[in-house]
Amino acid sequence: MYYNEETVIFYNGEFIKAKDASANLYSQSLHYGNGVFEGIRAYNTPEGTKIFKSYEHYKRLKYGAEVMNIQLDYSEEQLTQITYELLQRNGLKDAYIRPLVTTGSDMSLLTSKETNSVIQCWEWGKYMGDKLLRVKTSSFQRPNPKSCFVEAKVTGHYANSILSTNEAKNNGYDEALLLDMNGNVAECSGANVFMEKDGKLYTPPRGHIMAGITRATVIDLCKEEGIFVEEKHFTLEELKNSDACFFTGTAAEVVGLQSLDDYQFPLAWEKSHGYKLMKLYKDEVLGLRQTSKAS
Ligand code: PMP
């Protein structure tokens with residue numbers, strides 16, 4: 001699914017076939033989760049293939065590398081240019097792009113000086129599908145922001161996302177919703193959350209969550225479209241008293257919720273702000289909006 005005989009990746013400065021690449025079994029990233037990655041999408045727009053918010057994604061990758069002391073010498077512009085070339089070499093117009101920076105052989109707990117940078121891409125539909133999601137509140141919380149840099153996409157942090165997704169799916173649900181250490185609603189295992197109540201939208205503020213690029217795009221869209229949106233903490237009880245709810249993320253895009261545990265969201269999805277934003281987001285990434293800021 002991710003690659004075939006012909007797939008090209010960018011690996012340590014070169015474009016090579018994915019099948020010819022080898023990974024280091026002594027890598028600190030494999031043993032301890034000290035690596036950083038991104039999840040980006042490119043869209044086939046009327047003006048050709050456009051990587052959506054490439055600069056913002058690579059800025060976050062560089063931020064993650066910096067806080068983890070991982071050396072990453074490429075600029076956001078260089079990484080963007082390399083990614084466009086990679087898409088072209090793979091003949092991909094619509095694609096999911098996965099840059100990953102791993103560390104070298106070192107079994108100490110100090111960041112290895114050696115780094116490996118790889119960019120992979122493949123065709124990938126909407127990660128959580130198009131159906132409304134049946135979500136389970138996770139028994140796992142998002143990490144304490146004093147235990148790690150929650151806004152960095154560090155590979156090791158995703159053990160928490162895997163635990164919560166396994167738990168939700170093993171119990172017959174589609175996805176997990178995680179609370180923060182204070183009991184407030186935080187986010188999904190790989191997406192941010194918005195709640196609609198009485199025509200207004202609310203989303204948890206930064207601090208315990210990934211600062212999602214889709215979340216920021218949706219907030220901008222709300223401001224442009226005159227939809228009230230506020231970043232504020234809310235509890236599970238408030239969410240289970242709300243009208244509608246949706247998740248946002250690069251892989252998931254904008255996807256609505258049908259239910260949370262036993263609670264069915266009462267507002268029809270098609271009548272909710274989430275539905276409207278799902279369509280506006282699609283137009284935004286395709287560069288079809290006049291005010292489009294797609295980069
Ligand atoms: N939260 C988590 C935990 C994530 O992994 C992601 C995906 N990066 C998001 C939210 C959504 O972020 P973005 O919109 O930048 O993809």
Side-chain angles (χ1 to χ4, degrees), residues 33 35-43 51-65 67 76 79-80 83 95-101 120-121 124-128 133 135 137-138 140-145 147-168 175-181 184-195 203-222 229 231 245-255 257 274 277-278 280-282 284-285 293-295:
V36 286
F37 70 103
E38 259 309 318
I40 314 175
R41 271 193 195 273
Y43 292 91
I51 305 172
F52 188 65
K53 305 231 162 145
S54 188
Y55 184 89
E56 287 84 343
H57 281 282
Y58 281 125
K59 189 171 167 208
R60 188 167 65 186
L61 183 74
K62 284 175 69 69
Y63 160 75
V67 298
E76 289 87 345
L79 290 163
T80 299
T83 309
Y96 182 78
I97 301 153
R98 171 53 58 82
L100 169 67
V101 185
Q120 298 153 315
C121 51
W124 218 24
K126 228 175 144 177
Y127 173 61
M128 296 177 188
L133 303 172
V135 174
T137 305
S138 183
F140 299 98
Q141 294 177 338
R142 290 299 285 160
N144 177 341
S147 69
C148 63
F149 290 94
V150 285
E151 294 195 356
K153 273 183 89 75
V154 177
T155 56
H157 294 178
Y158 282 77
N160 172 260
S161 298
I162 288 175
L163 285 170
S164 53
T165 307
N166 284 348
E167 182 187 55
E175 290 296 333
L177 177 80
L178 290 87
L179 306 184
D180 68 22
M181 57 180 284
N184 290 313
V185 170
E187 59 186 332
C188 171
S189 52
N192 293 111
V193 60
F194 286 76
M195 152 179 109
T203 192
R206 287 168 65 169
H208 295 259
I209 60 167
M210 173 65 59
I213 290 164
T214 319
R215 172 185 177 277
T217 305
V218 163
I219 291 175
D220 285 347
L221 287 171
C222 286
V229 60
E231 296 176 63
C245 179
F246 61 93
F247 288 157
T248 63
T250 300
E253 303 181 324
V254 176
V255 58
L257 270 66
L277 287 159
M278 180 180 78
L280 291 169
Y281 182 75
K282 201 78 213 177
E284 176 76 1
V285 297
K293 293 187 198 77
S295 57

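Both counts, for ligands and for their atoms, begin at 1 and track the order of listing. Just so it is clear, the values below take in all heavy atoms, side chains as well, and ignore hydrogens, waters and symmetry mates. For clarity, every value in this text was computed on a predicted model and none was experimentally measured.
Take Y281 and apply the ring-ring contact (aromatic ring centres under 6.0 Å, His included) test, not counting sequence neighbours, and it matches F52. Applying the side chain to side chain donor-acceptor pair (under 3.5 Å) test to K62 and every residue at least two apart in sequence or in another chain returns nothing. Partners of Y63 according to the ring-ring contact (aromatic ring centres under 6.0 Å, His included) rule, which considers only residues two or more places apart in sequence or in another chain, do not exist here.
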Could you check ligand 1 for N or O atoms lying under 3.5 Å from protein N or O atoms and list the pairs with distances?
unit_1: ligand 1; atom_1: 1 (N); unit_2: E187; atom_2: OE1; d: 2.6
unit_1: ligand 1; atom_1: 5 (O); unit_2: K153; atom_2: NZ; d: 3.3
unit_1: ligand 1; atom_1: 5 (O); unit_2: Y158; atom_2: OH; d: 2.4
unit_1: ligand 1; atom_1: 8 (N); unit_2: K153; atom_2: NZ; d: 2.6
unit_1: ligand 1; atom_1: 14 (O); unit_2: I213; atom_2: N; d: 3.2
unit_1: ligand 1; atom_1: 14 (O); unit_2: T214; atom_2: N; d: 2.9
unit_1: ligand 1; atom_1: 14 (O); unit_2: T214; atom_2: OG1; d: 2.6
unit_1: ligand 1; atom_1: 15 (O); unit_2: R60; atom_2: NH1; d: 2.9
unit_1: ligand 1; atom_1: 15 (O); unit_2: R60; atom_2: NH2; d: 2.9
unit_1: ligand 1; atom_1: 15 (O); unit_2: I213; atom_2: N; d: 2.7
unit_1: ligand 1; atom_1: 16 (O); unit_2: T250; atom_2: N; d: 2.9
unit_1: ligand 1; atom_1: 16 (O); unit_2: T250; atom_2: OG1; d: 2.6

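Salt-bridge check for R98 with E38: failed, with every basic side-chain N at 4.0 Å or more from each acidic carboxylate O.
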- Query: Yes or no on side-chain contact (heavy atoms from CB on, under 4.5 Å) for V154 and F149, after CA distance, side-chain angles and deciding distance?
  - Reply: CA-CA 8 Å; V154 177; F149 290 94; 5.8 Å; no
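Between the side chain of S147 and the backbone N or O of N144 there is at least one donor-acceptor pair closer than 3.5 Å.
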